[in-house]
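Lettering of chains follows the sequences in order, A, B, ..., and the numbering in each one begins at 1. Small disclaimer: the values here were computed from a predicted structure and weren't measured.
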Amino acid sequence: MPDGFDKDVYPEPPRRTPAVEKQTGLPNPADILIKLFQYTVDVPVTTFRDWVEHQHERNRFYYYQQKFRRVPDLTECKLGDHLCNYEAEMQWRRDHKVDQEIVKVIKERLGACQQREGNSYLQNCDKEMNQFRQVSKAYQSRYGDLGAYGSAQKCLMKQKHRMIAERKEATAAED
Amino acid sequence: MVGMSVLRVAAGFAARLNPFKQGFSNGRLLTRTIPKTESAAVRYGSHGKQMFVFKPSDYYDRRFLHLLRYYILLTGIPVAAIITYINVFIGEAELAEIPENYVPEHWEYYKHPITRWIARNLYDPPEKNYEKMMALIEIESEKAEMRRTQMDVRKLMREKGDGPWYHYETMDKSLIDYSPKSTPDN
């Protein structure tokens, strides 16, 4: 993985290399092959990469994450205010994209956990599994079956129907 | 004795090299024991190496492939060279926090230098697109509101008749000539 990752979220697995107990005087062919690979492939590639990085160092430039201001929601817009509707729609679309990326990150964490644990992932990856289940259920309930032409208004109507159904269930449970 | 064997070998070589020259047919004594099997080309109809290969013309195929490679590489090689140069010597941007009191330009939100260049020189800033869309929406909503109010006003003025619309000009009443009906005997 590249450098700036969170060590708590992606912990390194404990090393399982056994202690070497050499019983012959012959050299280990694995060591020979590793050294061969190192000198023929690793060293040239690393020196080339270092030279390329040195070229990059000479003129550095940066890119930033764009931060958008929060605008009034669809619920706070008056009925015929189309401008307010447009801004709320754009904000909903940005939030939708952010939520998609969140689900992807959680999924990647689960995949990393499975890769780390190997064959015992079903019992060791509980935390990540629960987190993924929770996040994907929340995503499904909010953005779930909106379809390709989903908009802020359709999402709001979906929420309204969900709340009506919950209220109906609550009154039915009371009776 | 040795000389005889050398002569025989020499005569054999000469016979192999020039089998049809008449000068050696006289030396048949010497050359009788040497066979002349590989002096003429023997062609087999089945298993030998093909001497004259029949195959369909590959001129058009080779011409097509040549032209394909030529036209692809004509722009492909400069484009690949330029992109390699940019990736090696200019490099991609690094992610950083926005400094205090600094508003980045709209192209500074992209990583690759070519994307940044396109965003800077070819595309409009996304804020401009946003504002253009908002301007269109504003114009259309104002038009719709105007039309709605005009419809309401028209309906009310026709109904009530007390507004400035739907006044039909009539003639001046003093111009009416009542003389045809003024006396009962006309």
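Here A:Asp95 does not pair with A:Arg142 in a salt bridge; the nearest charged N to carboxylate O distance is not below 4.0 Å. Looking at A:Glu89 and A:Arg93, a side-chain N of the basic residue comes within less than 4.0 Å of a carboxylate O on the acidic one, giving a salt bridge.
Proximity to chain A is limited to the backbone of B:Tyr110, based on heavy atoms less than 4.5 angstrom apart. Of the atoms belonging to B:Glu142, not a single heavy atom falls under 4.5 Å from chain A. Of the two parts of A:Glu53, neither the backbone nor the side chain holds a non-hydrogen atom closer than 4.5 Å to a non-hydrogen atom of chain B. Only the backbone of B:Glu92 has a heavy atom closer than 4.5 Å to any heavy atom of chain A.
B:Phe54 and B:Phe52 have their aromatic ring centers within a separation under 6.0 angstrom.
Here A:Asp126 contributes atom CG and A:Gln131 contributes atom CD; the two are 12.0 Å apart, rounded to the nearest 0.5 Å.
The nearest pair of heavy atoms linking B:Ala93 to B:Arg116 is CB-NH1, 3.7 Å.
With respect to chain A, the highest number of heavy-atom pairs below 4.5 Å among B:Met133, B:Lys111, B:His106 belongs to B:Lys111.
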